[in-house]
Amino acid sequence: MKRLSEERTKLLFEKLSKYIGSNVRLLVDRPDGTYCFREKKDRVYYVSEKILNLATTISPDNLVMTGTCMGKFTKSNKFILHITALNYIAPYAQYKIWVKSSAEQQFLYGHNVTKSGLGRITENTPQMQGVVVYSMSDLPLGFGVAAKTTAECKHADPMAIVCIHQSDIGEYIRSESELI
């Protein structure tokens, strides 16, 4: 597993900061140790430095992965965040959307969140900002992009899209083979 290049590190941190803002540094310098991002076959892994040092004893040909896959780089060098990153993004999310229980299943099937399915939204959420989508019982379901600001959501049509779907926990079943 190799270090990310300067350009790819910048792309990764830009994507993460879209969802968690300046809290990106909290992912690297955690109280339980130092964590880092490593790349293997265009996939980015989030791993503890202790585990990384232990993994160096294994031949790179025999090592499938170490750590949690945060996402991958496309052939056009864009970074796509995977659902496996949700557990690390959700605690630090700046902007959140809560969906009603009647809209949870639709979101988990890969549909966008409409105004009628919106339970709550963080105050002052800007348009096109990365948001973490929660159930009304504060269970993180996935993440997306806010299609409207908080003020626009209050006066929107019930069928208007307020959150564009990016990824959800239903992908563990739908795209199981692509996540590793």
Side-chain angles (χ1 to χ4, degrees), residues 1-99 104 107-110 122 129-135 137-146 163-180:
M1 297 183 76
K2 63 181 180 178
R3 287 180 182 262
L4 287 139
S5 67
E6 193 73 31
E7 177 188 345
R8 287 192 166 196
T9 302
K10 183 180 174 192
L11 289 170
L12 170 67
F13 285 163
E14 283 175 359
K15 181 65 93 167
L16 288 174
S17 65
K18 185 176 180 182
Y19 292 93
I20 61 177
S22 61
N23 293 332
V24 173
R25 61 181 161 69
L26 298 175
L27 283 177
V28 178
D29 296 324
R30 291 178 31 176
D32 58 336
T34 305
Y35 283 69
C36 57
F37 295 98
R38 291 292 186 260
E39 178 183 7
K40 183 171 183 175
K41 296 182 181 176
D42 289 333
R43 296 193 185 271
V44 177
Y45 296 94
Y46 179 65
V47 61
S48 165
E49 285 190 349
K50 292 177 188 175
I51 301 293
L52 190 62
N53 289 337
L54 293 172
T56 57
T57 61
I58 300 171
S59 167
D61 296 333
N62 296 333
L63 186 66
V64 176
M65 68 177 180
T66 302
T68 303
C69 183
M70 295 295 274
K72 69 177 182 177
F73 285 99
T74 62
K75 292 185 185 204
S76 60
N77 211 27
K78 293 181 181 171
F79 185 72
I80 297 175
L81 209 55
H82 281 183
I83 189 60
T84 50
L86 181 64
N87 292 338
Y88 299 101
I89 291 174
Y92 303 116
Q94 290 184 320
Y95 300 104
K96 303 174 184 178
I97 287 180
W98 288 265
V99 293
E104 277 181 33
F107 182 75
L108 294 177
Y109 283 150
T122 307
Q129 175 65 44
V131 293
V132 175
V133 179
Y134 285 87
S135 68
S137 58
D138 284 333
L139 175 72
L141 299 175
F143 44 86
V145 176
C163 178
I164 301 167
H165 177 273
Q166 294 284 318
S167 190
D168 63 80
I169 56 176
E171 286 184 29
Y172 282 115
I173 297 169
R174 290 194 310 269
S175 306
E176 183 178 2
S177 62
E178 297 172 15
L179 292 177
I180 295 178

Main-chain N/O of K18 paired with Q129 side-chain donor or acceptor, under 3.5 Å:
yes
With sequence neighbours left out, the residues meeting side chain to side chain donor-acceptor pair (under 3.5 Å) with Y134 are none
Between V132 and Y95, is a side chain to side chain contact (heavy atoms under 4.5 Å, CB included) present by the stated rule, with each step listed?
CA-CA 7 Å; V132 175; Y95 300 104; over 6 Å; no
Flag the pair L16 / Y88 as yes when at least one side-chain heavy-atom distance between them is below 4.5 Å, and no otherwise.
no
Q94 versus I20: any side-chain heavy-atom pair under 4.5 Å?
no
Quick one: closest heavy-atom pair of M70 and T84, and the distance?
N-OG1, 4.4 Å
Tightest non-hydrogen contact, residues R43 and K72, listed as NH1-CD, 3.7 Å
Go through the side-chain N and O atoms of T68 and Y45 and say whether any donor and acceptor fall under 3.5 Å apart.
no
Exercise: identify the closest heavy-atom pair between H82 and C69:
ND1-SG, 3.7 Å
Between CG of L11 and CD of E7, what distance do you get to the nearest 0.5 Å?
5.5 Å
Closest heavy-atom pair, L4 versus R38, reported as atoms and distance to 0.1 Å, is CD1-N, 4.4 Å
Heavy atoms, side chains only, cut-off 4.5 Å: are Q166 and V145 in contact?
yes
When you measure from the centre of the six-membered ring of Y35, is the NZ or CZ of R30 under 6.0 Å away and within 45° of the axis?
yes
Side chain to side chain contact (heavy atoms under 4.5 Å, CB included) evaluation trace for L81 with I89:
CA-CA 10 Å; L81 209 55; I89 291 174; 3.3 Å; yes
Any side-chain heavy-atom pair from F143 and V131 closer than 4.5 angstrom?
no
Roughly how far, to the nearest 0.5 Å, is CG of D29 from CG of L26?
8.0 Å
How many angstroms lie between CD1 in I51 and OH in Y46, if you round to the nearest 0.5 Å?
12.5 Å
Can you tell me if T122 uses its side chain to pair, donor with acceptor, with the backbone of K96 under 3.5 Å?
yes
Which pair of non-hydrogen atoms, one from I83 and one from S167, has the smallest distance, and what is that distance?
CB-OG, 3.2 Å
Donor-acceptor contact below 3.5 Å, side chain N23 vs main chain Y92:
yes
Donor-acceptor pair, side chain of Y19 and main chain of L86, under 3.5 angstrom:
no
Take V133 and D168, measure what side chain to side chain contact (heavy atoms under 4.5 Å, CB included) needs, and give me the verdict at the end.
CA-CA 9 Å; V133 179; D168 63 80; over 6 Å; no
How many angstroms lie between OG1 in T34 and CG in L52, if you round to the nearest 0.5 Å?
11.5 Å
So, are R3 and E39 salt-bridged, with charged N and O less than 4.0 Å apart?
no
Residue pair R25 / V28, side-chain heavy-atom distance below 4.5 Å
no
What pairs meet the ring-ring contact (aromatic ring centres under 6.0 Å, His included) rule with one or both residues in residues 49-74, with sequence neighbours excluded?
F73-F79
So do D42 and K75 actually touch side chain to side chain, heavy atoms under 4.5 Å?
no
I58 versus N62, closest heavy-atom pair with distance
CG2-CB, 4.2 Å
Interatomic distance, I169 atom CD1 to N87 atom CG [nearest 0.5 angstrom]
9.5 Å
